[in-house]
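Given the structure is predicted, the values throughout are model-derived calculations rather than measurements.
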Amino acid sequence: MELSDRQAAEAVRCRIDFKYALGMELDGPGFHHSVLTDFRARLADEGRADKLLDLVLERIKAAGLVTERGRQRTDSTHILSAVRDLTRLELVTEAMRAALEELARQAPQELVGLVTEEWGTRYGRAARLGKNPTRPKTRIKNTGDDVYLLLRYVRTYLRTLWQGPQVQSPRQVFLQNFWIDERARVRWREPGDGEAGLPPSSIAIVSPYDLTTRYARRNETRWKGFLAHVTETCDDAVNIITDVTTTPATLYDIKALPAIHNRLAERNLLPGEHLVDGGYTSVVEQDQVGREHGITLVGPVRPKRTRQSRKGNVFDRDAFTIDWERQHAVCPQGKLSRQWATPPAITPYVQRRARDADGRTPAPNTHRAPELPGLAVHPKADRVAHYGEILTSAERREGSPSSAGGTQREAGRAEA
């Protein structure tokens with residue numbers, strides 16, 4: 001209903017449906033809106049939210065409203081963190097201010113000879129510098145030197161406070177935005193500087209007050225926060241939420257699927273058919289889910305994303321004949337591969353390569369025959385054939401008007 005805490009507390013005091021849902025008397029006085037904040041904090045401790053969901057699902061199962069091996073669907077949505085959008089300079093400045101405030105509470109006597117009048121001006125209030133601050137290079141240099149000095153001071157003289165969250169926060173922010181050169185000078189990190197460049201968004205800190213918040217972008221949506229993966233039943237009966245998983249905003253949807261299935265297995269609520277969108281599907285994942293949990297993972301087949309595949313001027317894996325005993329592959333032109341290797345990987349695969357001498361036209365603007373891209377497949381022939389069957393079945397479901405329409409309707413309901 002998108003109510004604020006104040007609006008929700010007011011609804012509890014004035015609306016009969018809210019009183020009925022909470023089991024309150026009609027003349028019940030309600031509660032103060034700050035109670036909701038305290039309740040959320042207690043609910044987040046020690047996995048109490050999951051325990052509450054488990055208890056509710058047990059009661060619902062006993063009532064026969066949800067059963068195992070039915071049809072369920074999963075979709076993700078973004079969650080915004082309660083943090084302010086900060087530029088990189090504002091981020092470092094705010095991290096420094098938070099560390100000084102924490103030290104002032106824990107050991108105020110230690111700051112007497114450390115904090116200067118300039119520090120009071122720079123960090124005495126919340127950083128609001130904007131995207132185009134005055135004298136940006138000077139501000140960056142002064143802030144970097146100040147944070148470096150504070151970290152060395154705490155490390156040397158206040159070791160008991162070194163592991164505190166508000167001290168480790170500026171340390172991590174400092175390391176992600178500055179680096180120390182060979183002359184022990186603090187330098188500002190710039191994009192594209194290799195080892196001295198910026199960290200990827202999967203580990204980049206965006207707020208000193210919540211180190212787990214990440215910046216993410218999906219199509220036209222940009223946000224700082226997390227992802228929530230919601231799983232619910234979608235049979236003809238009442239739709240019941242069976243799992244809610246929160247992950248970092250930068251984590252791919254497909255990475256969250258194994259944990260979702262494991263929790264559903266613990267609750268004895270594994271689906272027989274699981275409807276998802278393209279972010280959760282792959283041929284390998286569909287095969288693994290079917291073998292481990294007996295689930296039919298239904299979702300759109302991922303399109304080919306390589307530049308060559310989009311142009312349509314390359315052969316796919318089905319066009320090659322693979323001889324596992326002799327360890328070579330035959331291309332559609334009848335040429336043999338020249339290399340057979342099994343690189344180390346989490347999922348084992350075999351890679352074969354060929355050269356221009358085997359019948360391919362040399363690449364333009366080159367003086368030697370370049371090595372062609374490798375063909376990577378699973379090292380078991382029966383597994384390759386099985387993957388092909390899974391892909392063909394998925395493409396058939398996606399191309400079928402009835403099944404495609406049903407999948408799209410379910411995905412649309414899950415997204416809504």
Side-chain angles (χ1 to χ4, degrees), residues 34 37-38 41 44 80-191 193 195-201 203-215 224-225:
S34 61
T37 302
D38 299 334
L80 300 180
S81 290
V83 297
R84 187 162 57 93
D85 286 336
L86 301 173
T87 64
R88 289 178 57 198
L89 179 56
E90 288 177 333
L91 173 64
V92 179
T93 304
E94 193 65 21
M96 177 70 171
R97 187 178 75 89
L100 289 174
E101 290 185 350
E102 179 66 18
L103 292 176
R105 287 190 294 266
Q106 299 290 337
Q109 70 281 357
E110 298 292 342
L111 299 180
V112 175
L114 180 64
V115 176
T116 63
E117 184 177 353
E118 293 182 352
W119 279 26
T121 303
R122 293 173 192 163
Y123 314 112
R125 57 183 180 179
R128 298 185 183 276
L129 305 175
K131 295 183 178 180
N132 298 305
T134 58
R135 299 178 290 115
K137 293 184 178 180
T138 302
R139 289 178 180 271
I140 290 173
K141 181 180 183 305
N142 292 337
T143 304
D145 292 340
D146 293 346
V147 177
Y148 190 41
L149 174 61
L150 178 65
L151 292 176
R152 287 186 298 168
Y153 183 86
V154 175
R155 178 79 180 212
T156 304
Y157 301 106
L158 303 174
R159 298 187 65 87
T160 57
L161 301 177
W162 175 251
Q163 296 298 332
Q166 295 303 333
V167 175
Q168 287 299 308
S169 172
R171 174 180 174 272
Q172 297 181 44
V173 171
F174 176 81
L175 293 175
Q176 291 189 0
N177 290 276
F178 294 93
W179 61 284
I180 310 299
D181 63 11
E182 62 278 359
R183 299 174 61 181
R185 295 179 301 182
V186 178
R187 305 292 297 274
W188 183 248
R189 292 184 182 273
E190 297 290 348
D193 282 352
E195 294 183 358
L198 295 174
S201 59
I203 61 174
I205 297 173
V206 298
S207 172
Y209 303 105
D210 189 350
L211 302 184
T212 60
T213 295
R214 295 292 180 264
Y215 169 80
K224 294 179 180 179

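Contacts of R84 classified as side-chain hydrogen bond (donor to acceptor under 3.5 Å, both in side chains), with partners at least two apart in sequence or in another chain: none. The side-chain hydrogen bond (donor to acceptor under 3.5 Å, both in side chains) test applied to R155 returns no partner, not counting sequence neighbours. Residues forming a salt bridge (charged side-chain N to carboxylate O under 4.0 Å, His left out) with E118 (at least two apart in sequence, or on another chain): R122. Considering only residues two or more places apart in sequence or on other chains, W179 meets the ring-ring contact (aromatic ring centres under 6.0 Å, His included) condition with none of them.
Minimum interatomic distance between T87 and G130 (heavy atoms only, all atoms of both residues): CG2-O, 3.8 Å.
By the neighbour-count criterion of 12 heavy atoms within 6.0 Å, atom CG of D181 is densely surrounded, having more than that number from other residues, nucleotides or ligands. In this structure, Q109 places its CD atom where more than 12 heavy-atom neighbours from other residues, nucleotides or ligands lie under 6.0 Å away. Enclosure of atom CZ in R125 is not indicated, since only 12 or fewer non-hydrogen atoms of other residues, nucleotides or ligands lie within 6.0 angstrom.
Listed by first and then second residue, the side chain to side chain donor-acceptor pair (under 3.5 Å) pairs that reach into residues 159-168 are Q168-R171, sequence neighbours excluded. The list of ring-ring contact (aromatic ring centres under 6.0 Å, His included) pairs with a residue in residues 85-106, not counting sequence neighbours, is empty.
F174 and Y148 have parallel rings, their planes meeting at less than 30° on a 0 to 90° scale where 60° marks the start of perpendicular. Using cut-offs of 30° and 60° for the angle between ring planes, the W119 and Y123 rings count as perpendicular.
Proximity of a side-chain donor or acceptor of E110 to a complementary backbone N or O of L158 within less than 3.5 Å is not detected. Looking only at distances, a side-chain donor or acceptor of R189 sits under 3.5 Å from a matching main-chain atom of F178.
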- request: Could you walk me through whether Q176 and L91 pass the side-chain contact (heavy atoms from CB on, under 4.5 Å) test, one step at a time?
  value: CA-CA 11 Å; Q176 291 189 0; L91 173 64; over 6 Å; no
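With T93 as reference, L129 is the one residue of L129, I140, N142 to meet the side chain to side chain contact (heavy atoms under 4.5 Å, CB included) rule.
Side chains of T134 and R139: a donor-acceptor N/O pair is present below 3.5 angstrom, by distance only.
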